[in-house]
Amino acid sequence: MPIQADYHLHSSFSGDSTAPMEEMIRKGISLGLQSMCFTEHMDMDYVYDKPEDEGIFELNTDSYLYELATLKARYSGKIRVLFGVELGLQPHLKRELALYARSFPFDFIIGSSHLCNRRDPYYPAFYEGRSDTEAYREFFEATLANIKAFDNYDVYGHLDYVVRYGKTKDDGYSYDRYKDILDQILEALLEREKGIEVNTGAIGYRLKDLNPCRGILKRYRKLGGEIVTVGSDAHEPSDLARGFDRAAEVLTACGFRYYTTFENRMPEFHRL
């Protein structure tokens, strides 16, 4: 397997996973991974669909760090375990996010768009009464606003995440169809020296491409982008490193020679 680092992982410290962290690590070892970075969800001021879910995406970071440090020491010499977080970005949270990001010794931070103007594209209501084209464009415009508001992260996660959930998913979707706004997003990321991730979690949604699509990856590379991490977005051990051979093929076809890992917020490049 040419990619030996999974940099988007969730365990039971994330509100949408029940997987024990140690089971995730053991699975990574069995797959022959050299490193794995947990990126537990931290979505401040999330809009919950059900009152009983209130607060599930607000990470207990102290408990998470304690468990990770314990397991990192236990499995030292077998696999490198990194301390990351996936921040759900919203422009009005820029001060709170900046304080949080500085408060812990993260190895790696993913910035992600999970809410779009206070609504979650995961739910069908986001698409009701309009075309997917309109919904996707709103999502991309909100992503650009996030990028302009906050920049203490290393890569932007699953840039076209929204196509997982639309009525038509990625049927008819392409980089060219949204080129105007996607170019603004990519240029804004490059101006801020941020990378992007290839998220193989798209496989579970039966999309034609990974997230983001090949067109976005090719354009990012053409504009000079080189920082690209690879993550399975696994929420259970069975999905760890899923589709990594495919991700390597896609990256190579899009002009990349390396994939990236991070430690202490510093990038390291590895040949594909």
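This one's a predicted model, so the numbers in the text were calculated from it and none came from an experiment.
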Side chains of [X] and [Y] only: does a donor on one sit below 3.5 Å from an acceptor on the other?
| X | Y | result |
| --- | --- | --- |
| R26 | Y75 | yes |
| S113 | Y156 | yes |
| Y175 | D183 | yes |
| T143 | Y161 | no |
| D239 | S232 | no |
| Y205 | N211 | no |
| Q90 | H114 | no |
| R246 | T200 | no |
| T168 | D171 | no |
| S112 | E86 | yes |
| S11 | E40 | yes |

ask   = Between R119 and E138, is a salt bridge (Lys or Arg N to Asp or Glu O under 4.0 Å) present by the stated rule, with each step listed?
value = CA-CA 11 Å; R119 293 187 294 168; E138 181 189 353; 3.3 Å; yes
Where do [X] and [Y] come nearest, in terms of heavy atoms and distance?
| X | Y | answer |
| --- | --- | --- |
| F256 | L272 | O-CD1, 3.5 Å |
| G88 | D43 | CA-OD2, 3.3 Å |
| D120 | F126 | O-CB, 3.9 Å |
| G224 | L190 | C-CD2, 4.4 Å |
| L217 | C254 | CB-SG, 3.9 Å |
| L207 | V163 | CD2-O, 3.8 Å |

Taking [X] for the side chain and [Y] for the main chain, is one N or O donor matched with an acceptor at less than 3.5 Å?
| X | Y | result |
| --- | --- | --- |
| E134 | S131 | yes |
| D107 | F83 | yes |
| T18 | S12 | no |
| N152 | A101 | no |
| T39 | L9 | yes |
| S30 | K27 | yes |
| D6 | L33 | no |
| S14 | D16 | no |
| R192 | A188 | yes |
| S103 | L99 | yes |

Short N-O contact, [X] and [Y], less than 4.0 angstrom:
| X | Y | result |
| --- | --- | --- |
| R219 | D176 | no |
| E187 | K179 | no |
| R257 | E226 | no |

Centre-to-centre under 6.0 Å for [X] and [Y], is that the case here?
| X | Y | value |
| --- | --- | --- |
| H235 | H8 | no |
| H41 | F57 | yes |
| F108 | Y153 | no |
| Y127 | F139 | no |

Got more than 12 heavy atoms from elsewhere within 6.0 Å of [atom1], [X]?
| X | atom1 | result |
| --- | --- | --- |
| R118 | CZ | yes |
| K167 | NZ | yes |
| E52 | CD | yes |
| K94 | NZ | no |
| K78 | NZ | no |
| Y122 | OH | no |

Criterion ring-ring contact (aromatic ring centres under 6.0 Å, His included) on Y259 and Y7, from CA distance to verdict = CA-CA 11 Å; Y259 70 96; Y7 263 63; 8.7 Å; no
query = Taking the six-membered ring for Trp, are Y178 and Y173 parallel (under 30°), tilted (30 to 60°) or perpendicular (over 60°)?
reply = tilted
inquiry  = Can you classify the ring geometry of Y46 versus Y48 as parallel (below 30°), tilted (30 to 60°) or perpendicular (above 60°)?
reply    = perpendicular
task = Begin with the C-alpha distance, continue with both residues' side-chain angles, and end with the deciding distance and a verdict on salt bridge (Lys or Arg N to Asp or Glu O under 4.0 Å) for D132 and R137.
result = CA-CA 8 Å; D132 280 353; R137 182 165 290 277; over 6 Å; no
task = Apply side chain to side chain contact (heavy atoms under 4.5 Å, CB included) to D154 and K194, showing your working.
result = CA-CA 6 Å; D154 302 301; K194 305 303 176 187; 5.6 Å; no
query = Which is it for V198 and V250 under the side chain to side chain contact (heavy atoms under 4.5 Å, CB included) test, yes or no, and what are the steps along the way?
reply = CA-CA 9 Å; V198 171; V250 168; 5.8 Å; no
Steps toward side chain to side chain donor-acceptor pair (under 3.5 Å) verdict (T261, H270) = CA-CA 8 Å; T261 61; H270 310 266; 2.7 Å; yes
message = D209 and salt bridge (Lys or Arg N to Asp or Glu O under 4.0 Å): which single residue from R164, K218, R214 fits?
response = R214
task = Examine F13 and Y66 and state if one hydrophobic cluster contains both, with Ile, Leu, Val, Met, Phe, Trp and Tyr joined whenever side-chain heavy atoms are less than 4.5 Å apart.
result = no
Residues L223, Y220; criterion side chain to side chain contact (heavy atoms under 4.5 Å, CB included); working and verdict = CA-CA 5 Å; L223 291 171; Y220 173 71; 6.0 Å; no
ask   = So M42 and Y100, side chain to side chain contact (heavy atoms under 4.5 Å, CB included) or not? Walk me through it.
value = CA-CA 10 Å; M42 175 53 117; Y100 175 78; 3.6 Å; yes
